[in-house]
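Worksheet for the structure shown next.
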Amino acid sequence: MKVTINDVAKYAGVSIKTVSRVTNNEPSVKQATVDKVNEAIKALNYQPNLAARNLAGTKSYAIGFIYDNPNAYYIIDMQNGILSACKDKGYELVIHPCNAKSDSICDELTQLVKHSRLAGLVLTPPLSEDPKVLKALSDIDANYVRIIAGEGGKEQDGLTILVNDKFGAVEITQHLIDLGHKEIAFLSGDLHHESTKERLLGYKQALTKNRLLLNEDYIIEGKYSFESGVEGANTLIKLTNRPTAIVACNDEIAAGALFAARLAGLDIPGDLSIVGFEDSPFSRQTWPKLTTVHQPNAEIAQVATELLIAKRREQDAKFAKTFTPEPVIRDSSASPKN
């Protein structure tokens, strides 16, 4: 027969309500009681029914992951990070891809919160950067945590995870400059992502810091895709004074640029150095392996979810945390030929 909460309560010698408090990770239970209940749960192999708990209780135990991002590796990392926090705290995950440019995006998300009885939302760019979305969620008192590009030191509204993309872009561009490159191009992602703007700003700051000329022909607007990297690299390769190095806004773009360069007969990194951003599996699956910027997406998502759950349970929770991406030097960057 299936073990019930009544069996656990009887085995542990506590009330059903106490067992419920322990399985819900409520902070008001004494540690000795928590240990006693967990021992009973383990001995009886009790599995709490999260779906039933959501329906029966006044609280919800589901976290929504809301995204509009074509990068499958990014999505998988984020899901794994959120799931890790959810499993640890007894929550379920609801995944909701959407179109951030849709005219009905605000209604879509508010209806999702109401109908799915979500305890909170993990918002990723560009949704986490859209004032209309944030206002619509705040108007229905929805709990959410934002993951956005930005630097620490500034006061943030609500729960926020900051990723210092600008610093990472400065560092990876500086790496190329230190190798001796002066003609450095930039392949951007979608400009409605704040991370694109921050990475472009970091690239420009590194050039300015080293008194290198900013060539507008070297800045190619694109999207966060392999195909965009191919197109952008082809444009740069055809220039009379082509660059000796490329900073790509993410690894998928960098992989596309590498593909296009090799088709054009260029040696990487002998004729052209190419670097990416994010340190996704793309960066380790290319030949040569990509120099990139490590961004711990799974950890970022896990911390964001833990912050969201902690606030909901009225525990102490910091309102902002900053992650600083760092360069990872591999085989796709080298000194330019004389």
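Basis for what follows: all heavy atoms, side chains included, without hydrogens, waters or symmetry-related copies. Everything numeric in this text was worked out from a predicted model, so none of it was measured.
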Would you find a donor on one side and an acceptor on the other, under 3.5 Å apart, between the side chain of [X] and the backbone of [Y]?
X	Y	answer
S116	L118	no
D7	V3	no
S333	I329	no
D88	S84	no
S128	I147	yes
T160	R146	no
S228	K223	yes
N250	I253	yes
S273	A334	yes
T305	A301	yes

Once salt bridge (charged side-chain N to carboxylate O under 4.0 Å, His left out) is applied, do any residues pair with [X], and if so which ones, sequence neighbours excluded?
X	value
K36	none
D77	none
K132	D130
K135	D139

Not counting sequence neighbours, which residues clear side-chain hydrogen bond (donor to acceptor under 3.5 Å, both in side chains) with [X]? List them please.
X	answer
T196	Y224
Q31	D35
S225	none

Side chains of D178 and Q174, donor plus acceptor under 3.5 Å: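 A pair is found: one side chain offers a donor N or O, the other an acceptor, under 3.5 Å apart.
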T291 and H175: side chain donor to acceptor below 3.5 Å: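 Their side chains do not contain a donor-acceptor pair, so the 3.5 Å distance test is not met.
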Contacts of type ring pair (Phe, Tyr, Trp, His ring centres under 6.0 Å), residue F323, not counting sequence neighbours: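 By the ring pair (Phe, Tyr, Trp, His ring centres under 6.0 Å) rule, F323 matches no residue at all.
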With sequence neighbours excluded, residues passing ring pair (Phe, Tyr, Trp, His ring centres under 6.0 Å) with F226: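 F226 satisfies ring pair (Phe, Tyr, Trp, His ring centres under 6.0 Å) with F259 only.
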To the nearest 0.5 angstrom, please state how far the [atom1] atom of [X] sits from the [atom2] atom of [Y].
X	Y	atom1	atom2	result
L308	Y144	CG	OH	11.0 Å
R330	T292	CZ	OG1	7.0 Å
Q295	Y74	CD	OH	7.0 Å
E92	L83	CD	CG	10.5 Å

Minimum heavy-atom distance between [X] and [Y], given as atom pair plus value:
X	Y	result
I75	Y67	CD1-CD1, 3.2 Å
Y203	I184	OH-O, 2.6 Å
A304	V145	O-CG1, 3.6 Å

Evaluation steps, side chain to side chain donor-acceptor pair (under 3.5 Å), between T18 and S15: CA-CA 5 Å; T18 297; S15 67; 2.9 Å; yes
Sequence neighbours excluded - salt bridge (charged side-chain N to carboxylate O under 4.0 Å, His left out) pairs with any residue from residues 160-173: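 Non-adjacent pairs meeting salt bridge (charged side-chain N to carboxylate O under 4.0 Å, His left out): E151-K166, D165-R199.
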Within residues 276-305 or reaching into it, pairs that qualify as ring pair (Phe, Tyr, Trp, His ring centres under 6.0 Å) - sequence neighbours excluded: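 Ring pair (Phe, Tyr, Trp, His ring centres under 6.0 Å) check on residues 276-305 returns Y73-F282.
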Heavy atoms of other groups near E39 CD, more than 12 under 6.0 Å: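 Check fails, neighbour count at 12 or below.
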Sidechain N-carboxylate O distance under 4.0 Å for R284, D279: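 Looking at D279 together with R284, the answer is yes, because their closest N to O distance falls below 4.0 Å.
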Trace of the side chain to side chain donor-acceptor pair (under 3.5 Å) decision for E129 with H192: CA-CA 9 Å; E129 302 158 347; H192 68 287; over 6 Å; no
Compile the donor-acceptor pairs under 3.5 Å between side chains in residues 242-249 and protein atoms, sequence neighbours left out, one pair per line.
residue, atom, partner, partner atom, Å
R242, NH1, D271, O, 3.3
T244, OG1, H181, ND1, 2.7
T244, OG1, E183, O, 3.4

